[in-house]
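Encoded as structure tokens, the structure appears first; notes follow it.
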Amino acid sequence: QAELGKPRRCSYALPGHDFSYGLYIHGTDGGVPEAIGHWHAMKPRPALQRKMPRDYITMNCGALRAGYATAHEFNLFYKAKDIRQKADEESRFKRGPPKVPADMTYGIVSRPPTPFFDLLQHKYKELWMEQQRATTVIQREEKKKVKTPKGRAYETRTTLLRKHPLPAKEESFWHLPRLDKV
């Protein structure tokens, strides 16, 4: 039992100063020299021989030439004459990945850096101000064109209708028979 008013003493003895904690695996644990000296890279595996899918179009034509008509006869023909698709260059069942040029970079192109010199000179503000000045000049010119010289009347609906009259309505000659006067 622990002494009164004191914590219980530890009953385990710690190992010596030359003790190393953890597992030591013989043969693979070579320390820092082995970690630096060897790279455990994955070796490329050979491409698996992919079984080409069945060529049902050719097999169906052959079954029809042989005179088969039911689904059961077609399945028997498929088992008897198993025709597979040919592995050509344009097939989607290629053996390996596509060939890529050596100087090709993957991913998207990085955007150009921000031109800080232009930001410091307030170049973008000046460009915006030039655009605003140009639009106000154009608007003023349009207002001047709209104003009519003195002595001329403004265009109203009446004057427009006099210049360009509406087309006359074509009269329809068809009437309901019951509304005709006899």
Side-chain angles (χ1 to χ4, degrees), residues 22 30-64 71 74 78 82-182:
V32 175
E34 182 159 341
I36 293 174
H38 300 294
W39 291 97
H40 295 292
M42 290 188 64
K43 293 172 183 158
R45 286 186 281 166
L48 297 173
Q49 289 289 339
R50 176 174 263 152
K51 193 174 182 183
M52 297 301 288
R54 286 181 165 178
D55 190 3
Y56 284 102
I57 297 171
T58 309
M59 288 194 292
N60 287 346
C61 292
L64 287 174
F74 269 73
Y78 294 159
D82 189 19
I83 302 171
R84 298 285 172 171
Q85 291 182 356
K86 292 175 179 60
D88 53 345
E89 284 299 316
E90 302 302 320
S91 175
R92 62 189 176 105
F93 296 103
K94 288 186 178 177
R95 293 208 185 334
K99 301 292 181 191
V100 179
D103 59 345
M104 180 179 163
T105 55
Y106 293 95
I108 59 173
V109 181
S110 60
R111 66 179 192 158
T114 306
F116 284 106
F117 194 69
D118 294 341
L119 289 174
L120 292 174
Q121 285 185 334
H122 303 290
K123 184 177 178 182
Y124 297 108
K125 183 189 103 175
E126 294 298 326
L127 288 173
W128 183 78
M129 292 293 289
E130 288 295 325
Q131 290 173 353
Q132 294 301 317
R133 287 185 196 117
T135 52
T136 53
V137 167
I138 291 170
Q139 288 172 353
R140 284 180 190 161
E141 289 176 2
E142 287 177 358
K143 282 184 181 179
K144 286 179 183 177
K145 288 179 184 175
V146 169
K147 287 184 179 179
T148 58
K150 290 184 179 180
R152 284 180 84 189
Y154 285 101
E155 294 286 331
T156 60
R157 181 162 172 78
T158 310
T159 56
L160 285 174
L161 287 174
R162 283 185 190 143
K163 289 180 183 175
H164 310 287
L166 294 174
K169 285 187 177 179
E170 294 180 14
E171 191 173 326
S172 174
F173 295 105
W174 184 83
H175 299 286
L176 284 172
R178 62 181 173 186
L179 298 177
D180 285 341
K181 292 183 179 177
V182 178

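Quick caveat: nothing in here was measured; it's all calculated off a predicted structure. The figures here come from the full heavy-atom set of this structure, side chains too, leaving out hydrogens, waters and symmetry mates.
Separation of atoms NE2 (H164) and OG1 (T159) is listed at 9.0 Å; rounding is to 0.5 Å. Summarising the geometry, atom OG1 belonging to T136 is positioned 10.0 Å from atom CD belonging to E141; distances are rounded to the nearest 0.5 Å. L127 CG to Q132 CD: the interatomic distance, rounded to the nearest 0.5 Å, is 12.0 Å. Summarising the geometry, atom CZ belonging to F74 is positioned 5.5 Å from atom CG belonging to N60; distances are rounded to the nearest 0.5 Å. Between the CD1 atom in I83 and the CD1 atom in I57 there is a gap of 11.5 Å [rounded to 0.5 Å]. Put simply, OG1 on T156 and CZ on R162 are 7.5 Å apart, with the number rounded to the nearest 0.5 Å.
Within a 6.0 Å sphere centred on CD1 of I108, heavy atoms belonging to other residues, nucleotides or ligands number 12 at most.
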*Test E130 against R133 for salt bridge (charged side-chain N to carboxylate O under 4.0 Å, His left out), laying out the working first.*
CA-CA 5 Å; E130 288 295 325; R133 287 185 196 117; 2.9 Å; yes
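Between Q85 and M52, the shortest heavy-atom contact is O-CB, 3.5 Å. Taking every heavy atom of both residues into account, M59 and D82 meet most closely at SD-CA, 4.2 Å.
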